[in-house]
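First comes the structure, then the notes that go with it.
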Amino acid sequence: MDAKVPQREELVRRASELVPLLRSKALWIEEHRRLPEEVIEAFEASGLLNMRIPAQYGGYESDARTLIDVHAEIARGDGSAAFVFSVWSLINWIAGLFPDDVLDEVFATPNVRVSGTLAASGSAVKVPGGYKLNGSWRFNSGVLHSHWKFIAAMPDGPEAANGPITALVPVHQLETLDDWHTLGLRGSGSVTTLAKDVFVPSERIIPTYEFFTDQCKSKVNAQKAIYQVPMLVTSTAATAGQTLGAAKYALESFFDRLPGRGITYTDYASQAEAPITHLQVGEATLLTEEAEARAQRFADLIDTKVVTNEAWSQAERVKSRVEMGRIAQLAKNAVDLVAMASGGSSIYNDVPIQRIQRDMHTIVIHALTNPNTNIELYGRLLCGLEPNTQYL
């Protein structure tokens, strides 16, 4: 590996150094429903935005284990910041699948940030040289601080038979609707974006199904095994760390508040001496450890297959979805236990656990993360049935 590329330990250290800033801005982030400029500047200064940028543009092409460990540290600071950062890690990598001339355009910006979704809620009309896009897209986490947006739309006419297309669009060509008023991840700024007759040249268009088949259009990146990892396997690596970090932050914040606390309307002058507390924190810690072990084991599988450049089987792709859901489920269960143990005073805004719990609830019901959906998918495989989704 290039000696100039920071190793995992160094990148995790840089992420850890961001935790105090993120915690100090947590209430501002909640109130303003976006990240402050100080946080964006700190992300840029840390170099962490380079983790999934192609090496030919100064990126690190960090492995899956590094991605998980770094995102976990950022989540120890703030859940919304971690969610946005994980989106940038994933979609910066997705941008690297486009043709090389598109990459030259996208990655010309230092610390470039690409956001977006796969939901094809817009329409595309074929015109000379490309398409014109119209429509609206919800859940655009991080778009307020992004340079480009990964966008999906359904073509009009006969081309609709081939399914949706995806495009890379400069954010300044889109409008935003300030409609992000939510239970959790309030600071992710996941507002709706709007396109009105936005022209996208053909070179920045890829049929969506090709991201699940012949996914890499860059001649340079196609030679690298990291760009042969399936898109949703990479999504698992990007998502897992933030849920682990949330569970760790929940336990850390609980123990910070524990000294001197009693249990109201009981004879326990010290909550730390109550058996129920021991059971709650013991179980929450075990759940967190189990989630981390699953995440690390799956990251090791990804990184091993990158080294050997082996193809991904259908069963392994399904397992990726399962791990995404299960890790989040274990972490959420840990957070819920800590929240129950935190007492009535924990409902105040300045106590982190209520925010951590709301953020975790929001992550777990995400369509790709939902444990029930993913466990059902696994059950189908075990019963000898084909997957009921193309998103593998």
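- For Arg23, the salt bridge (Lys or Arg N to Asp or Glu O under 4.0 Å) partners are Glu252, not counting sequence neighbours.
- Side-chain polar atoms of Ser86 and Gln242 form a donor-acceptor pair below 3.5 angstrom.
- Considering every non-hydrogen atom in both Ala299 and Ile68, the closest pair reads CB-CD1, 3.6 Å.
- In summary, the side chains of Arg321 and Asn374 do present a donor paired with an acceptor at a separation below 3.5 Å, with no hydrogens or angles considered.
- Looking at Ser146 and Trp88, their side chains do bring a donor and an acceptor atom within 3.5 Å of each other.
- Taking 4.0 Å as the cut-off between side-chain N and carboxylate O, Arg13 and Glu17 count as a salt-bridged pair.
- When only modelled atom types and interatomic distance are considered, Ser190 and Asn140 share no side-chain donor-acceptor pair under 3.5 Å.
- For an aromatic pair to be called close, the ring centres must be under 6.0 Å apart, and Phe85 with Phe43 satisfies this.
- Its side chain within the 4.5 Å cluster rule, Tyr268 clusters with Ile263, Ile276 among the Ile, Leu, Val, Met, Phe, Trp and Tyr residues.
- Residues Thr236 and Glu323 have side chains that never bring a donor and an acceptor to within less than 3.5 angstrom of each other.
- With respect to Asp178 and Arg33, a salt bridge is recorded, a charged nitrogen being found less than 4.0 Å from a carboxylate O.
- Salt-bridge check for Glu30 with Arg358: passed, with a basic side-chain N closer than 4.0 Å to an acidic carboxylate O.
- Counting only distance, with no hydrogens or angles, the side chain of Thr213 and the backbone of Tyr209 share a donor-acceptor pair below 3.5 Å.
- Arg261 and Ser345 form a side-chain donor-acceptor contact under 3.5 Å, judged by distance and modelled atom types alone.
- At least one donor-acceptor pair under 3.5 Å links the side chain of Gln7 to the backbone N or O of Val5.
- Gln314 and Arg317 share no side-chain donor-acceptor pair at under 3.5 Å.
- Judged purely by distance below 3.5 Å, without hydrogens or angles, the side chains of Asn309 and Gln228 never pair a donor atom with an acceptor atom.
- Formation of a donor-acceptor pair under 3.5 Å by the Trp93 side chain with backbone atoms of Ile226 is found in this model.
- A salt bridge links Asp63 with Arg8: the distance from a Lys NZ or Arg NE/NH1/NH2 to an Asp or Glu carboxylate oxygen falls below 4.0 Å.
- Side-chain N/O atoms of Tyr249 and Asp78 include no donor and acceptor closer than 3.5 Å.
- Arg113 places a side-chain N or O within 3.5 Å of a backbone atom of His145 that can act as its donor or acceptor partner.
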Derivation and outcome, side chain to side chain contact (heavy atoms under 4.5 Å, CB included), residues Thr288 and Leu330: CA-CA 7 Å; Thr288 303; Leu330 291 167; over 6 Å; no

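- In this structure a side-chain-to-backbone donor-acceptor pair under 3.5 Å is present from Glu61 to Ala55.
- Between Phe211 and Phe150, the distance separating the two ring centers is shorter than 6.0 angstrom.
- Qualifying side chain to side chain contact (heavy atoms under 4.5 Å, CB included) partners for Leu279, counting only residues two or more places apart in sequence or in other chains: none.
- The main-chain N or O of Leu185 is found under 3.5 Å from a side-chain atom of Trp180 such that the two form a donor-acceptor pair.
- A salt bridge between Glu292 and Lys248 is present, with a side-chain N of the basic residue lying under 4.0 Å from a carboxylate O of the acidic one.
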